[in-house]
Amino acid sequence: MMTNARYWILLALFVASETADLMPDAATSAEPPVNPNVHCWCANYPNVTFCSWLEPQHSQPLRYIASYSERRQMSISKRCHLTSSSSSSSSSSSVRLWHCHLPDLKLLTDYILNVTTLSSTGSSSSHLSSFMLEDIVKPDPPVDVKVSPRRARNVLMEWSPPPTWTHLDVAPLKYQILYNWDHKGQAKSVTLGPLESTSVELKGLRPGRNYAFQVCAKDLLGLGQCSLWSSPVTITLPTNKMS
């Protein structure tokens with residue numbers, strides 16, 4: 001017959017074994033967090049640069065440390081100021097969008113951005129991005145876009161430079177025009193430019209047709225890429241004759 005002491009010892013070992021099976025594996029719980037997908041752009045050439053990334057959905061609590069340095073002087077790094085905001089995802093749930101401001105970058109210089117992700121379990125991972133300022137120039141879209149009929153088949157399109165691009169005297173902009181319409185159920189479009197002025201008369205349009213007009217801005221020397229298109233301005237050309 002089993003003694004009481006032996007019974008309680010075996011019971012304790014059984015409970016400890018079952019508890020261990022239910023506990024998460026330490027190696028699994030300490031897996032490093034997923035590296036962020038970092039996007040960098042310069043919205044005010046040459047010295048206002050931002051990098052941003054989305055925090056993974058349904059992740060454990062995370063915090064970030066971001067620093068940047070010149071590739072040729074990686075031992076000398078600077079911390080960049082981090083801010084965050086909420087952003088709606090395609091599933092209608094809210095995700096956190098992180099921003100990192102990198103001021104006063106130099107031209108013709110290769111930079112390294114280091115984003116370190118720290119989890120609540122103590123694990124971490126690092127993401128390195130490399131870029132040159134000239135490659136990531138991307139102004140904000142032009143503003144105050146206006147379209148007005150001029151003659152029976154012409155319109156005058158006007159706009160203002162993005163207010164965030166504050167050094168037009170040092171780094172002028174050029175513009176591209178996009179207008180589109182529907183023709184028998186098929187989308188048609190025309191792209192014009194580049195233009196250095198902030199207005200253009202578009203000719204040969206069809207009276208009675210509905211058109212949508214947009215404009216994007218790019219550095220005059222062609223650095224980087226064009227901005228996002230401005231919000232469309234839609235008008236229907238009048239069918240009456242205009243003088």
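We number each residue from 1, following the sequence as shown.
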Which distance, rounded to the nearest 0.5 Å, do you find between the [atom1] of [X] and the [atom2] of [Y]?
X: S230; Y: Y175; atom1: OG; atom2: OH; answer: 11.5 Å
X: S85; Y: L97; atom1: OG; atom2: CG; answer: 4.5 Å
X: C40; Y: L102; atom1: SG; atom2: CG; answer: 6.5 Å
X: Y68; Y: R79; atom1: OH; atom2: CZ; answer: 12.0 Å
X: L118; Y: I65; atom1: CG; atom2: CD1; answer: 5.0 Å
X: N44; Y: W165; atom1: CG; atom2: CH2; answer: 6.5 Å

Which pair of non-hydrogen atoms, one from [X] and one from [Y], has the smallest distance, and what is that distance?
X: K218; Y: G224; result: CE-O, 3.5 Å
X: S77; Y: S69; result: CA-CB, 3.9 Å
X: S130; Y: R71; result: OG-NH2, 2.8 Å
X: R153; Y: P207; result: NH1-CD, 3.8 Å
X: P36; Y: T117; result: CD-OG1, 3.7 Å

Between [Y] and [X], is there a side-chain heavy-atom distance shorter than 4.5 Å?
X: E70; Y: R72; value: yes
X: V155; Y: Y179; value: no
X: R150; Y: K203; value: no
X: L168; Y: P161; value: yes
X: E134; Y: L107; value: yes
X: L192; Y: L202; value: yes
X: I177; Y: M157; value: yes
X: T234; Y: N210; value: yes

Honestly curious: do [X] and [Y] fall in one hydrophobic cluster under the side-chain, below-4.5 Å linking rule?
X: V215; Y: L156; answer: no
X: L223; Y: L195; answer: yes
X: M132; Y: L221; answer: no
X: W229; Y: Y211; answer: no
X: L228; Y: V137; answer: no

Can you tell me if [X] and [Y] form a side-chain donor-acceptor pair at under 3.5 Å?
X: S67; Y: N114; answer: no
X: T236; Y: R209; answer: no
X: D140; Y: S227; answer: no
X: S129; Y: H127; answer: yes
X: S84; Y: R96; answer: yes

For M74, the rest of its hydrophobic cluster, which grows through side-chain links under 4.5 angstrom: I112, L128

Ring center gap for H183 and W181 short of 6.0 angstrom: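 No, the ring centres sit 6.0 Å or more apart.
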
H101/F50 aromatic ring centres below 6.0 Å: yes

Worked verdict on V145 versus W159 for side-chain contact (heavy atoms from CB on, under 4.5 Å): CA-CA 4 Å; V145 182; W159 59 91; 4.0 Å; yes

side-chain contact (heavy atoms from CB on, under 4.5 Å) between Q176 and C226, intermediate numbers included: CA-CA 8 Å; Q176 286 186 309; C226 215; 4.0 Å; yes

Residues, nucleotides or ligands: over 12 heavy atoms within 6.0 Å of D110 CG: yes

Enclosure of Q73 CD (heavy-atom neighbours >12, cutoff 6.0 Å):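 Correct, the count exceeds 12.
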
Aromatic ring pairing F131/Y111, orientation class (parallel under 30°, perpendicular over 60°, tilted between): parallel

Under-2.5 Å SG separation for cysteines C100, C51: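 Not so, these two cysteines form no disulfide.
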
E196 side chain vs L173 backbone, donor-acceptor pair below 3.5 Å: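 Not confirmed, E196 side chain does not pair with L173 backbone.
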
Pair L54-N37, side-chain contact (heavy atoms from CB on, under 4.5 Å): steps then yes or no: CA-CA 7 Å; L54 286 173; N37 183 16; over 6 Å; no

